[in-house]
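Data block below; observations after.
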Amino acid sequence: MSNASSKPVSHSSENDSPEHFQPGDSPLQPLDSPFLARAGIQLFIKRDDLIHPDFGGNKWRKLKYNLVEARRHKHNTLLTFGGAWSNHIHATAAAGRHFGFNTIGLIRGEETDTPSPTLRTAADNGMQLHFLDRQRYRQKNQPDFLRALTKQYHNPYILPEGGSNSLALQGCAEIVDEIETRGQAFDIICSASGTGATLAGLITRLKSGQRAIGFSALKGGDFLNDEVRRFLREGSGQTNTKQTTIGQPDWSIETRFHFGGYARASDQLLDFIRRFHRQYGIMLDVVYTGKMFYGLWQMIKAGEFPRGSRIIVLHSGGLQGNAGFDL
Ligand SMILES: *Cc1c(COP(=O)(O)O)cnc(C)c1O
């Protein structure tokens with residue numbers, strides 16, 4: 001890549017392609033627990049958080065085919081959007097460094113005197129950070145604004161907020177493929193949801209009798225129903241995300257467990273995360289997976305799943321964001 005030498009922090013090797021990149025394994029771990037045994041539930045955690053220390057989780061799944069596409073079209077630079085604690089900003093900066101792309105992050109809000117650990121790490125990974133006030137940030141999906149950015153930053157590959165687009169679905173669909181390859185049958189698969197793209201990717205691979213549940217990390221998560229449907233419509237143009245489901249895929253959005261809204265937490269949630277870690281040795285993030293597991297545990301307690309249910313829960317990573325909480 002012609003600009004790699006001008007990039008002070010690049011560690012990329014020219015042959016390292018995102019398509020064939022073998023990050024760490026994402027094992028499927030059975031969770032042994034008297035609580036689950038009493039409810040007659042068999043539960044497995046798909047450990048995407050273990051894929052890579054810097055760009056693991058669903059954010060790698062969403063980046064993968066976007067990076068393949070960016071490279072195919074010879075883009076040197078990735079440009080994307082996010083808040084000061086965004087897992088997507090964090091992952092894009094780290095993956096960009098790994099694969100030899102320059103990265104530009106357009107960050108929502110005013111620059112503060114002390115940058116968040118997320119932004120500090122992103123900058124250390126070579127990401128150029130620019131701050132957009134909330135009004136300008138709101139234009140992040142508008143064609144005119146994107147055209148202006150394309151010109152201003154010399155034709156970067158533009159990733160939407162959260163990395164959520166049709167190519168993201170293709171990467172997330174591979175989560176289900178990996179579970180199939182292991183031969184693990186399941187009835188229900190759960191994912192934490194922000195934009196709904198990860199859930200949509202999982203849904204494209206559901207077989208009849210299987211169900212997906214997205215746990216909204218945001219207040220008023222009903223909007224996710226439309227978003228998931230939109231992703232599924234747009235994604236069906238992509239050959240690798242064609243619905244393999246026979247009949248209508250079965251999925252729903254769980255909106256009860258937002259804890260007051262995006263990145264809001266309560267002592268109850270933080271306590272749950274601490275106890276979960278002590279009991280099972282698995283750390284959850286506060287913004288997404290903590291709320292999902294909390295909600296799922298409530299639903300299991302309330303008997304919302306028949307005995308004998310086999311549930312797979314996606315640990316989508318996000319642990320870097322915990323630096324903002326007192327855990
Ligand atoms: C971004 C993120 C999500 C939400 O993914 P969407 O595809 O936007 O719904 C879930 N979990 C974690 C840890 C995330 O970082």
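Between K291 and L269 the shortest side-chain heavy-atom distance falls below 4.5 Å. No side-chain heavy atom of R71 sits under 4.5 Å from any side-chain heavy atom of H75. Residues F231 and T204 fail the side-chain proximity criterion, which asks for heavy atoms closer than 4.5 Å. No side-chain heavy atom of L206 sits less than 4.5 Å from a side-chain heavy atom of V176. No side-chain heavy atom of T121 sits under 4.5 Å from any side-chain heavy atom of Q320. With a 4.5 Å cut-off on side-chain heavy atoms, M283 and N322 count as touching. Proximity of L314 to R47: side-chain heavy atoms (C-beta onward) are nowhere separated by under 4.5 Å. Between L67 and F101, some side-chain heavy-atom pair lies under the 4.5 Å cut-off.
With values rounded to the nearest 0.5 angstrom, R97 atom CZ is found 10.5 Å from T103 atom OG1. Distance OG/S86 to CG/L119: 8.5 Å, rounded to 0.5 Å. For the atom pair CG (L270) and CG (D326), the distance works out to 7.5 Å, reported to the nearest 0.5 Å. Interatomic distance, L149 CG to Q139 CD, rounded to the nearest 0.5 Å: 9.0 Å. Taking NE2 of H90 as the start and OG of S116 as the end, the distance is 10.5 Å to the nearest 0.5 Å. Distance check: L63 CG to N58 CG gives 9.5 Å after rounding to the nearest 0.5 Å.
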Is there a side chain to side chain contact (heavy atoms under 4.5 Å, CB included) between F272 and L284? Walk through the geometry before answering. CA-CA 10 Å; F272 176 83; L284 306 173; 4.2 Å; yes
Candidate pair E304 and Q298, rule side chain to side chain contact (heavy atoms under 4.5 Å, CB included), full reasoning: CA-CA 9 Å; E304 294 183 36; Q298 295 300 311; over 6 Å; no
Could you go through the side chain to side chain contact (heavy atoms under 4.5 Å, CB included) check for E161 and R108 one step at a time? CA-CA 10 Å; E161 187 180 59; R108 181 182 63 235; 3.8 Å; yes
Verify side chain to side chain contact (heavy atoms under 4.5 Å, CB included) between H277 and I282, making sure each step is shown before the conclusion. CA-CA 5 Å; H277 184 233; I282 298 173; 5.8 Å; no
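If you check the side chains of H130 and Q128, you find a donor sitting under 3.5 Å from an acceptor. Between the side chains of T80 and H88, a donor-acceptor pair is found at a separation under 3.5 Å. Using modelled atom types, one finds a donor on one side chain and an acceptor on the other under 3.5 Å when comparing N165 with N66. A donor-acceptor pair shorter than 3.5 Å cannot be found between the side chains of T195 and E227. S33 and Y280 form a side-chain donor-acceptor contact under 3.5 Å, judged by distance and modelled atom types alone. Inspection of the D222 and T255 side chains reveals no N or O donor paired with an N or O acceptor under 3.5 Å. No side-chain donor-acceptor contact under 3.5 Å links D187 and Q210. No side-chain donor from either of T150 and N155 sits under 3.5 Å from a side-chain acceptor of the other.
Ring centroids of F293 and F276 are separated by less than 6.0 Å, placing the two rings close together. Ring pair F21/H98: centre-to-centre distance below 6.0 Å. A distance below 6.0 Å separates the ring centres of F259 and Y294.
Using a 4.0 Å cut-off between a side-chain N of Lys or Arg and a carboxylate O of Asp or Glu, E180 and R205 do not qualify as a salt bridge. Taking 4.0 Å as the cut-off between side-chain N and carboxylate O, D25 and R182 count as a salt-bridged pair. Salt bridge present: K64 and E174 bring a charged side-chain N and a carboxylate O closer than 4.0 Å. Here E178 pairs with R61 in a salt bridge; the nearest charged N to carboxylate O distance falls below 4.0 Å. A salt bridge does not link R211 to E254: none of the charged nitrogens lies less than 4.0 Å from a carboxylate oxygen.
Here the closest heavy-atom approach between residue D285 and residue G318 is recorded as CB-O, 3.4 Å. In this structure, F215 and G295 approach most closely via the heavy-atom pair CE2-C, 4.0 Å. Shortest non-hydrogen contact noted between L224 and G194 is CD2-O, 3.5 Å. Here the closest heavy-atom approach between residue G201 and residue C172 is recorded as CA-CB, 4.1 Å. Closest heavy-atom contact between A197 and L169: O-CD1, 3.6 Å. Scanning all heavy atoms of the two residues, the minimum distance from A168 to G163 falls at CB-O, 3.2 Å.
Connection of I107 to Y137 is not established within any shared hydrophobic cluster, with ILVMFWY side chains joined at heavy-atom distances below 4.5 Å, either directly or through further cluster members. Note: the hydrophobic cluster containing F131 does not contain L146 (ILVMFWY, side chain heavy atoms under 4.5 Å, direct or indirect links). Residues Y262 and M292 fall within the same hydrophobic cluster, defined by Ile, Leu, Val, Met, Phe, Trp and Tyr side chains chained together at heavy-atom separations under 4.5 Å. One hydrophobic cluster holds both I41 and F257 under the rule that ILVMFWY side chains link at heavy-atom gaps under 4.5 Å. Hydrophobic clustering (ILVMFWY, side-chain heavy atoms < 4.5 Å, transitive): I300 and V313 are in one cluster.
Residue Q142 places its CD atom among more than 12 non-hydrogen atoms of other residues, nucleotides or ligands, all under 6.0 Å distant. In H73, the NE2 atom is crowded: over 12 heavy atoms of neighbouring residues, nucleotides or ligands sit closer than 6.0 Å. For CG of D267, the number of neighbouring non-hydrogen atoms (other residues, nucleotides, ligands) closer than 6.0 Å is 12 at most.
For the pair T92 (side chain) and I89 (backbone), a donor-acceptor distance under 3.5 Å is absent. Side-chain atoms of S309 do not come within 3.5 Å of backbone N or O of F305 as any donor-acceptor pair.
In this structure, K59 forms a cation-pi arrangement with Y288, its terminal cationic atom sitting closer than 6.0 Å to the ring centre and no more than 45° off the ring axis. The cationic atom of R310 (NZ for Lys, CZ for Arg) does not lie both less than 6.0 Å from the six-membered ring centre of F186 and within 45° of the ring axis.
Considering I312, I311, L296, D250 in turn, I311 is the only one that fulfils the side-chain contact (heavy atoms from CB on, under 4.5 Å) rule with I188.
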